[in-house]
Amino acid sequence: MRNVEVAWIFRELADLMELKGADYFKIRAYRNAARILSGLDKPLVEIWKEGGLTKVPGIGRNIAAKVSEILTTGGLKKHEELLQEFPPGLLEIMSLPGIGPKKAALLREGLGVTGLGELARAAREKRVRTLPGMGSKTESEIIRNIEMRENRGDRVLLVSAGDLAEEFIEYIKRIPGVSGVEAGGSLRRRRETVGDIDLVAAGSDPQSVLDAVAGHPRVRKMLESSPGRARFYTNWGVVVDLEVAPEEIFGLALFRSTGSRAHYQRLQRIFTERGLKLDEAIKDGPGAAIQEQDIYASLGLPWIPPELREDRGEVEAALENRLPHLLETADIKGDLHLHTNWSDGINTIEQMVQRARAKGYQYVAVTDHSRSLKIAGGLSLERLREQHEQIRKMNDEFEDFRIFTGIEVDILPRGGLDCPDEILEETDLVVASVHSAFKQDRGTMTNRILSAVENKNVDIIGHLTGRLISKREGYDLDLDRVFEAAADCGTILEINASPDRLDLNDLNARRAREKGIKVAINTDAHDLKRLDEMRYGVSVARRAWLEPDDVVNTMPVGELIKYLRRR
DNA sequence: GCCGTTTTCGGCCCGACTGTTTTCAGTCG
């Protein structure tokens with residue numbers, strides 16, 4: 001069992017206890033435990049076997065016993081009992097924005113709704129507004145949010161699909177007769193969410209591979225099968241679609257699986273125009289295995305990276321030999337937005353720095369929250385000064401690494417920043433972000449953010465739109481005006497690499513680049529493990545056609561310091 | 001629930017915003 005799966009049980013347990021009206025601090029302890037467990041970079045089973053669970057800060061005797069129960073039995077009795085009491089549909093209701101435990105309980109008691117479908121119907125029939133404390137606005141918000149969720153369908157975050165795919169890939173690789181296996185589909189194109197996980201394997205005996213995968217511990221059932229192909233439903237609720245092709249046509253199968261449909265059709269049109277057929281064109285070298293390169297080469301094109309295959313001009317660019325030299329994760333030389341235990345992070349500055357050094361970075365900026373964000377332990381001016389003092393001392397110890405003093409300063413609801421300018425001025429790196437009053441109207445929100453973009457002490461605007469993928473829409477914002485101002489002022493925009501944010505997204509990052517705006521790709525990590533999420537931000541950048549020069553944290557430390565001063 | 005050379009009980013505990021009200025409960029970062 002993965003750490004995140006154990007953490008998930010505690011998160012759900014906390015929600016259930018909240019519905020039950022349990023003690024606030026107990027609930028908080030469970031939530032905190034969930035956060036800590038998912039942040040551990042060592043498998044829980046190992047820590048458990050070593051008897052080290054209670055040594056983890058935030059995990060006491062009780063939670064350790066529960067973890068142990070989960071690891072031995074695969075579940076938690078208390079969790080299962082509560083699920084009997086409160087149907088899972090109620091948890092879904094509670095996960096709607098604006099609906100917490102009290103409103104969820106009221107909806108159940110007052111209207112008897114126990115799931116999203118029933119709730120949507122009740123809202124459309126204007127029954128929700130009959131409940132105390134609920135009116136027409138709540139009603140229409142409910143409908144809007146449920147519809148948004150329905151549109152999302154069964155898509156999961158790229159990170160979840162990637163983790164699950166990785167398990168299957170490792171498993172399939174070891175099946176005798178398999179000479180290769182790769183993810184195709186939207187996972188390979190690195191879209192922010194993935195529907196089915198498409199896998200393509202090369203093997204001489206397809207049926208034996210499919211049979212072996214049917215026995216994978218995560219497979220609940222086989223949905224469909226045909227020669228060389230099967231669809232499996234997994235215990236994560238995600239469908240895995242596996243195709244096993246002979247080695248000679250593995251490249252072709254992978255190419256087809258990768259798509260996108262629009263990209264594929266665009267290429268096919270070119271084949272047709274030239275009087276060729278895709279299948280025939282690649283059968284030139286008999287006996288030789290077909291590579292993806294061969295398919296593109298048969299049209300005189302260079303290989304097109306999967307992230308670009310969306311029919312957004314990549315075929316034309318390839319025809320004119322002007323494909324971008326896409327950014328790679330290895331180009332990244334530092335992380336300019338992360339948190340430590342000075343505010344709401346889990347690890348110390350030392351630990352975060354040590355990990356960043358191990359990753360081969362040249363620098364990081366420590367950007368804890370500013371004073372207004374009380375719940376996240378925002379730093380008072382005094383504490384901020386103290387932290388910066390400590391960082392300056394730490395820097396004396398390094399010759400080959402630089403810690404930038406920093407802050408993630410709140411952009412206040414009325415505009416302006418949550419920290420005096422004179423302090424920002426002497427801070428190496430300032431990220432400014434919105435963390436409150438998300439529902440302001442377009443004009444107010446735009447002006448609010450512009451006040452930060454135009455502040456000469458602000459280096460980077462963090463997670464610009466505030467969206468949480470398939471959970472919360474971004475703020476109502478005039479992006480054109482923000483981009484214009486950022487281009488004018490030389491303000492850097494962030495691609496926040498956190499897999500549930502990916503903000504800017506691919507399209508907006510591409511627009512930013514076209515306006516000449518520089519981008520920083522930051523993890524916003526709150527623990528060691530999440531420093532590794534840089535690659536998701538890089539995926540967005542690649543889908544946005546970004547090259548190393550577009551991204552400030554590809555600069556070596558000296559160049560970056562000069563760049564930041566020049567602003 | 002967790003934590004503790006201020007140790008085994010008592011502290012942990014924000015505050016603005018929203019939608020609903022006409023003084024406030026619920027939600028959220």
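We name chains A, B, ... by the order of the sequence lines, and we start the count at 1 in each one.
Rounded to whole Å, the distance from CG on A:Asp441 to P on B:dC17 is 14 Å.
Going from the P atom of B:dT7 to that of B:dC12 covers 14 Å, rounded to whole Å. Nucleotides B:dG15 and B:dG10 have their P atoms positioned 26 Å apart, rounded to a whole Å. With P as the reference atom, B:dG26 and B:dT21 are 14 Å apart, rounded to whole Å. For B:dT27 and B:dT20, the P atoms lie 13 Å apart once the distance is rounded to whole Å. Separation of the P atoms belonging to B:dC17 and B:dG11 is 31 Å when rounded to the nearest angstrom. Straight-line distance between the C1' atoms of B:dG19 and B:dT5: roughly 50 Å, to the nearest whole Å. For the C1' atoms, the distance from B:dT8 to B:dC3 is 10 Å, rounded to whole Å.
No hydrogens or angles considered: nothing links the side chains of A:Glu494 and A:His463 as a donor-acceptor pair under 3.5 Å. Between the side chains of A:Asp421 and A:Asn457, at least one donor-acceptor pair of N or O atoms lies under 3.5 Å.
Of the candidates A:Arg127, A:Glu139, A:Lys103, A:Met134 forms a side-chain contact (heavy atoms from CB on, under 4.5 Å) with just one, namely A:Lys103.
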Give each protein N/O atom lying under 3.5 Å from an N/O atom of nucleotides 1-3 of chain B, with the pair distance.
| from | atom 1 | to | atom 2 | distance (Å) |
| --- | --- | --- | --- | --- |
| B:dG1 | OP1 | A:Tyr30 | OH | 2.7 |
| B:dG1 | OP1 | A:Lys66 | NZ | 2.9 |
| B:dG1 | OP1 | A:Lys78 | NZ | 3.2 |
| B:dG1 | OP2 | A:Lys26 | NZ | 3.0 |
| B:dG1 | O5' | A:Tyr30 | OH | 3.1 |
| B:dC2 | OP1 | A:Gly60 | N | 2.7 |
| B:dC2 | OP1 | A:Gly60 | O | 3.3 |
| B:dC2 | OP1 | A:Arg61 | N | 3.4 |
| B:dC2 | OP1 | A:Ile63 | N | 3.2 |
| B:dC2 | OP2 | A:Asn62 | ND2 | 3.4 |
| B:dC3 | OP1 | A:Gly58 | N | 2.7 |

What verdict does the ring-ring contact (aromatic ring centres under 6.0 Å, His included) test give for A:Phe404 and A:Tyr363, after you've listed the backbone C-alpha separation in whole Å, the side-chain angles of each residue and the deciding distance to 0.1 Å? CA-CA 7 Å; A:Phe404 292 119; A:Tyr363 49 85; 5.7 Å; yes

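For B:dT8, there is no paired nucleotide, since no Watson-Crick or G-U wobble pair has both relevant distances below 3.5 Å.
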With sugar-phosphate taken as primed atoms, P, OP1 and OP2 and all else as base, the protein-contact string of nucleotides 20-29 of chain B at under 4.0 Å (heavy atoms; B, S, -) is S-----SSSB

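Remark: A:Lys529 NZ is packed, more than 12 non-hydrogen atoms of other residues, nucleotides or ligands lying under 6.0 Å away.
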